[in-house]
Amino acid sequence: MKILEEIQSTIVKGLSTIYNHDANAEDILISQTRKEFQGDYTVVVFPFVKILKSSPNDVGNKLGDHVVQSLESVDSFNVVKGFLNFSLTHEYWKNQLSDISSDDSFGIHPRNGKKVLVEFSSPNTNKPLHLGHIRNILLGWSCSQILDAAGYDVIKTQIINDRGIAVCKSMLAWQKFGNNETPESSDTKGDHFVGKYYVLFEQKFKVEYAEWQKTEKGQQVFSELKKGEQSEEDFFGKYKNTYFNDYSELGNEAKDMLLAWEAKDDAIRNLWMMMNSWVYDGFNETYKNIGVTFDKLYYESDTYLLGKKTVDEGLEREVFFRQDDGSVWIDLEDVGMDQKIVLRSDGTAVYMTQDIGTAMVRNSDFGVEKMVYVVGNEQDYHFKVLFEILKRLGEPYADELHHLSYGMIELPSGKMKSREGTVVDADEIMVEVINEARAGSVDRGEIAEMDKQAQEDVLRKIGLAALKFMIIKVQPKKGMTFDPKESVDMQGQTGPYVQYAYVRIQSVLRKFENKDYGSYDSYKELNEFELALLKEIVEYPRLVKDSAENYDPSSIANYCYNLGKMYHRFFHEVRILTAETEEAKAFRLQLSSAVANVLEKAMSLLGIEMPAKM
RNA sequence: GGCCCCGUAGCUCAACUGGAUAGAGUACUUGACUACGAAUCAAGCGGUUGAAGGUUCGAAUCCUUCCGGAGUCACCA
């Protein structure tokens with residue numbers, strides 16, 4: 001990409017010598033020429049027209065002339081309105097291909113020595129993972145890979161919500177109704193097994209609540225507390241939490257269990273550890289299938305008490321203030337936020353306290369320069385507050401915190417709700433997409449000829465590619481809809497489409513096991529398809545950097561699709577093995593190889609594997 | 001109600017961060033396998049970028065006001 005800087009600085013010089021005007025290189029806006037115009041790179045000259053008191057055409061022509069004469073790689077230029085288009089020499093592009101082909105770390109930026117911690121997935125232990133988690137995991141994983149490629153040292157982590165009243169609900173339900181059933185004895189994946197008991201608790205509680213509503217006490221509460229003409233249904237719908245806390249037997253038992261857990265009661269802790277181990281076995285299986293790993297796990301049971309000391313210190317420094325009842329708050333009204341509680345009146349930690357403490361621990365564990373939290377957009381406000389607090393506490397990394405906020409995946413019928421059984425389960429959807437790939441491969445010779453294990457491997461790669469690509473290609477902050485009834489697409493703007501471009505290349509290159517494609521030194525005239533591919537490949541390193549800066553894997557996905565599309569077009573229009581000349585053949589083989597490398601690298605940043613055949 | 005996010009072709013998404021005639025896929029209608037793999041390629045159809053103002057050489061993008069949708073405003077996490 002050095003050429004862009006050369007053009008910029010040449011234009012700066014030109015402005016200075018021709019117009020006696022000083023400009024900064026960064027002010028020269030330069031981009032790829034749109035394909036409907038002739039040229040490779042375009043400089044927008046509008047901004048200078050006014051200052052120079054000259055017509056766009058005039059400025060364009062003079063600067064264009066200057067650049068063409070100064071730079072050997074620039075072949076010609078044309079001016080359309082205020083756009084100055086440069087065409088680079090074919091020699092230049094040919095050299096680009098040589099450079100890229102000999103660069104094993106193409107698209108991988110030099111280490112910048114900075115550590116960044118990325119938190120993602122962060123499940124609750126009482127429910128299996130669902131499609132929303134898949135989006136979270138894919139974003140977190142691909143972001144980690146992209147940051148790594150952009151030069152950071154990345155620590156992938158998650159915080160596991162393994163405590164609290166919800167966890168006690170499933171424990172209690174198992175204790176009361178489980179008859180010592182285990183995942184093994186019931187042949188159920190551990191996380192689904194525990195999830196089943198969480199749902200069971202909710203069902204039993206619902207029954208208990210419904211019965212209570214009919215009792216004298218229930219009716220009394222209703223008539224005393226209802227607002228105006230509020231219906232019984234509406235009232236009890238809203239009263240549920242209060243009932244759970246004040247009257248429910250099951251609620252009391254669950255709360256007692258939580259107290260026992262906090263008091264480190266042996267029996268409860270053992271039960272807790274046993275059920276957790278079931279859940280983790282299940283989660284690990286899912287992570288393995290989806291293809292992600294973590295460098296470090298944090299458990300809420302270890303971190304929920306953290307942060308209290310920090311709050312005390314902050315209190316002394318008057319970052320926080322104490323109210324009469326003993327609770328501790330921070331006042332953020334001067335920056336347009338509310339007052340927020342950071343410690344309960346009984347001195348125990350809230351969510352915010354925990355997150356403050358966790359950030360500190362992570363910093364002392366790793367000495368991070370940067371942290372990224374992949375968490376759904378319903379927590380936008382929480383992270384705004386958290387980041388502001390860390391800033392006021394003077395944490396050194398406070399300016400480098402980022403909440404990678406993403407939108408919800410909705411079903412055509414609306415939100416996924418676990419209580420209504422409308423969640424798309426992570427394990428199930430992965431099986432489904434692989435089956436979908438299988439259905440699409442029935443009359444494909446290449447796959448039919450493989451042995452069973454190789455077949456399954458390829459089908460897994462294809463199915464997961466379809467699923468992952470579909471999710472990653474959408475910008476994180478946008479919500480998306482997913483219709484489980486319509487199968488995941490395998491055609492068009494999809495993962496398998498990109499894989500297929502790669503597979504086509506492999507099938508050609510297989511004929512040259514030694515990678516000796518011959519010399520293309522004397523190859524002179526590149527055609528439009530070759531040029532288009534080269535231009536796109538050359539963009540890759542910059543794209544990685546942009547994507548890392550914006551925390552946006554979707555731009556990589558869209559790039560992969562575009563490059564794949566260009567290659568399919570090229571493949572259709574241009575002969576490779578039966579090219580007009582030996583030089584042309586050598587060049588196209590080398591070009592194809594470069595495309596395949598970039599596709600493989602870029603897709604792997606997204607956690608998508610490429611099959612050699614499909 | 002306060003704050004925040006979103007609104008682009010029937011549907012799913014783009015648009016190089018303010019640049020040229022808003023592009024892809026899908027669906028629908030056609031055409032291309034005895035040339036390196038048809039999970040492919042090509043052509044057609046499809047738009048007042050939610051609406052109205054404003055800023056400027058130039059707006060889907062920035063500002064204002066509306067309309068529609070999601071989220072959040074817990075001593076839950």
Side-chain angles (χ1 to χ4, degrees), chain A residues 29 31-34 36-37 42 44 46-47 49-50 56 80-83 85 122 124 161 163-166 241 300 304 323 325-329 336-338 340-352 354-355 376-382 384 405 407-408 410 414-415 437 440-441 444-446 462 466 470 473-475 477-483 486 489-497 499-501 503-511 539 542-543 546 550 554-555 557-559 561-562 564-565 567-569 571-579 585 588-589 592 613-614:
Chain A
L29 187 69
S31 57
Q32 271 196 73
T33 303
R34 298 185 58 133
E36 57 267 38
F37 297 93
T42 296
V44 185
F46 277 118
V49 170
K50 213 198 260 174
V80 182
K81 293 195 262 178
F83 298 93
N85 303 320
S122 305
N124 298 322
N161 300 303
R163 60 165 287 278
I165 193 73
N241 280 341
E300 202 188 292
Y304 83 110
Q323 281 205 335
D325 63 1
S327 56
V328 180
W329 297 70
M337 294 185 249
D338 302 320
K340 196 82 189 171
I341 189 161
V342 291
L343 209 59
R344 288 196 191 98
S345 50
D346 62 5
T348 55
V350 293
Y351 182 35
M352 192 62 76
Q354 173 192 316
D355 267 1
N377 64 6
E378 70 272 13
Q379 293 197 35
D380 282 357
Y381 186 65
H382 172 77
K384 252 178 95 174
S405 163
M408 238 179 275
E410 291 194 13
K415 283 177 64 174
S441 74
R444 275 173 227 288
E446 294 286 352
I462 298 172
M470 175 187 77
K473 76 173 182 187
V474 181
Q475 283 173 11
K477 75 171 171 183
K478 293 205 178 180
M480 57 187 294
T481 50
F482 173 77
D483 190 346
E486 286 181 25
D489 280 337
M490 302 278 168
Q491 258 112 34
Q493 198 171 30
T494 66
Y497 176 95
Q499 289 178 320
Y500 186 52
V503 163
R504 283 180 134 178
I505 296 172
Q506 296 313 311
S507 87
V508 173
L509 296 185
R510 248 194 300 278
K511 298 180 171 63
E539 289 295 314
R542 199 187 58 162
L543 177 81
D546 282 357
N550 298 323
S554 74
S555 58
N558 286 308
Y559 173 84
Y561 171 70
N562 273 327
K565 187 180 165 72
Y567 192 81
H568 280 306
R569 180 90 205 263
F571 194 83
H572 198 263
E573 300 287 340
V574 178
R575 288 171 295 165
I576 302 172
L577 294 175
T578 54
K585 178 174 156 187
R588 287 166 194 169
L589 285 166
S592 298
K613 293 180 179 178
M614 65 191 279

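So you know, we letter chains A, B, ... as the sequences are listed, proteins then strands, and number each from 1.
- When heavy atoms are screened at a 4.0 angstrom cut-off, A:Pro56 is found touching no nucleic acid atom at all.
- Residue contacts shown for A:Asn550 include a base, since a base heavy atom lies under 4.0 Å away.
- The residue A:Asp483 sits apart from the nucleic acid: no heavy atom pair falls under 4.0 Å.
- With a 4.5 Å cut-off on side-chain heavy atoms, A:Trp329 and A:Val342 do not count as touching.
- Nucleotides B:rA70 and B:rA24 have their P atoms positioned 33 Å apart, rounded to a whole Å.
- We find the CD-CD1 distance between A:Gln323 and A:Ile341 to be 7.5 Å, quoted to the nearest 0.5 Å.
- Among B:rC6, B:rA39, B:rG71, the nucleotide with an atom closest to any side-chain atom of A:Met408 is B:rG71.
- Taking syn as a glycosidic angle within 90° of 0, B:rU17 qualifies as syn.
- Comparing B:rA60 with B:rC16, their P atoms are spaced 12 Å from each other, to the whole Å.
- Judged by distance alone, the side chains of A:Thr494 and A:Asp489 never bring a donor and an acceptor atom under 3.5 Å apart.
- A:Ile462 comes within contact range of at least one nucleobase, with a heavy-atom separation under 4.0 Å.
- A:Gln379 comes within contact range of at least one nucleobase, with a heavy-atom separation under 4.0 Å.
- Below the 3.5 angstrom threshold, one finds no donor paired with an acceptor across the side chain of A:Asn562 and the base of B:rA15.
- Closest contact between the side chain of A:Gln475 and the listed nucleotides B:rA20, B:rA14, B:rC5 involves B:rA14.
- Checking B:rG7, B:rC13, B:rA20 against every side-chain atom of A:Lys478, the shortest atom distance belongs to B:rG7.
- Remark: C1' of B:rA15 and CD of A:Gln32 are 13 Å apart, rounded to the nearest angstrom.
- Contact annotation for A:Tyr497: backbone-only contact, meaning every heavy-atom pair under 4.0 Å involves sugar-phosphate atoms and none involves a base.
- Atom pair A:Gln491:CD and B:rC13:P shows a separation of 19 Å (rounding to whole Å applied).
- Here B:rC45 sits opposite no nucleotide as a Watson-Crick or G-U wobble pair (both hydrogen-bonding atom distances under 3.5 Å).
- Side-chain atoms of A:Tyr561 lie closest to B:rA24 of the nucleotides B:rA24, B:rA20, B:rA39.
- In this structure, A:Phe46 places its CZ atom 17 Å from P of B:rG18, rounding to the nearest Å.
- Among the heavy atoms of the strands lying under 4.0 Å from A:Val44 is at least one base atom, whether or not backbone atoms are also near.
- Looking only at distances, a side-chain donor or acceptor of A:His568 sits under 3.5 Å from a matching main-chain atom of A:Tyr497.
- Mapping A:Glu36 and A:Ile341 onto RNA chain B by nearest heavy atom places A:Glu36 at the nucleotide closer to the 5' end.
- Remark: P of B:rA15 and CG of A:Asp546 are 12 Å apart, rounded to the nearest angstrom.
- Proximity of A:Thr481 to the phosphate of B:rU12: a side-chain N or O atom is located under 4.0 Å from OP1 or OP2.
- With contacts defined as side-chain heavy-atom distances shorter than 4.5 Å, the pair A:Tyr500/A:Met490 does not qualify.
- Rounded to whole Å, atom C1' of B:rA39 lies 16 Å from atom OH of A:Tyr567.
- When the P atom is compared between B:rG10 and B:rC63, the two are found 28 Å apart, to the nearest whole Å.
- A:Thr494 comes within 4.0 angstrom of no nucleic acid atom, judged by non-hydrogen atoms across all strands.
- The distance between atom CG of A:Asn124 and atom C1' of B:rC76, rounded to the nearest whole Å, is 11 Å.
- Between A:Met352 and A:His382, some side-chain heavy-atom pair lies under the 4.5 Å cut-off.
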Set out, in order, the CA-CA distance, both residues' side-chain angles and the distance that settles side-chain contact (heavy atoms from CB on, under 4.5 Å) for A:Ile576 and A:Ser592, then state yes or no. CA-CA 9 Å; A:Ile576 302 172; A:Ser592 298; 3.9 Å; yes
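- If you take atom C1' in B:rA9 and the same atom in B:rU26, they sit 11 Å apart, rounded to whole Å.
- Comparing B:rA14, B:rA20, B:rG71 by their nearest atom to the side chain of A:Glu378 picks out B:rG71.
- Here B:rG19 sits opposite B:rC57 as a Watson-Crick or G-U wobble pair (both hydrogen-bonding atom distances under 3.5 Å).
- Between A:Lys81 and the phosphate of B:rU21, there is a side-chain N or O to OP1/OP2 separation shorter than 4.0 Å.
- For A:Gln493, the listed nucleotide lying nearest its side chain is B:rG25; candidates were B:rG25, B:rG23, B:rC73.
- Comparing the P positions of B:rU56 and B:rG50 gives an interatomic distance of 23 Å, to the nearest angstrom.
- Across all strands shown, B:rC66 forms a Watson-Crick or G-U wobble pair with B:rG50, both key distances being under 3.5 Å.
- For the pair A:Arg569 CZ and B:rG25 C1', the interatomic distance rounds to 16 Å; values are reported in whole Å.
- The side chain of A:His568 approaches B:rU40 more closely than any other nucleotide in the set B:rG19, B:rA70, B:rU40.
- Checked against B:rA70, B:rC6, B:rC41, the side chain of A:Lys415 finds its nearest nucleotide in B:rA70.
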With B for base contact, S for sugar-phosphate-only contact and - for none (protein heavy atoms under 4.0 Å), nucleotides 30-38 of chain B reads ------BBS
- How far apart are the C-alpha atoms of A:Asp338 and A:Tyr381, what are their side-chain angles, what is the distance that settles it, and do they pass the side-chain contact (heavy atoms from CB on, under 4.5 Å) test? CA-CA 10 Å; A:Asp338 302 320; A:Tyr381 186 65; 3.1 Å; yes
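- Map A:Glu410 and A:Ser555 each onto its nearest nucleotide of RNA chain B; the residue landing nearer the 5' end is A:Ser555.
- Using a 4.0 Å heavy-atom cutoff across all strands shown, A:Thr42 reaches at least one base atom of the nucleic acid.
- Cation-pi geometry between A:Arg504 and A:Tyr567 is not met: the NZ or CZ atom fails to fall both under 6.0 Å from the ring centre and inside 45° of the normal.
- A glycosidic torsion no more than 90° from 0 defines the syn conformation, and B:rC33 adopts it.
- The separation between A:Lys50 atom NZ and B:rG58 atom C1' is 12 Å, rounded to whole Å.
- In this structure, A:Phe83 forms an aromatic stack with the base of B:rA20, since both conditions hold: centre separation below 5.5 Å and plane angle below 30°.
- Within the shown strands, B:rG10 is the pairing partner of B:rU26 under the Watson-Crick or G-U definition, both distances less than 3.5 Å.
- Looking only at side-chain heavy atoms (C-beta outward), A:Arg542 and A:Glu539 come within less than 4.5 Å of each other.
- A:Leu29 comes within 4.0 angstrom of a base, heavy atoms only.
- Remark: the separation of the P atoms in B:rG1 and B:rG69 is 12 Å, to the nearest Å.
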Open item on the list: Would A:Phe571 and A:Val508 count as a side-chain contact (heavy atoms from CB on, under 4.5 Å) here? Give the steps.
Closed with: CA-CA 10 Å; A:Phe571 194 83; A:Val508 173; 3.9 Å; yes
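- Separating the P atom of B:rA59 from that of B:rG23 is a span of 16 Å, rounded to the nearest Å.
- For the P atoms, the distance from B:rC62 to B:rU17 is 14 Å, rounded to whole Å.
- A donor-acceptor pair under 3.5 Å links the side-chain atoms of A:Arg588 to the main chain of A:Arg575, judged by distance alone.
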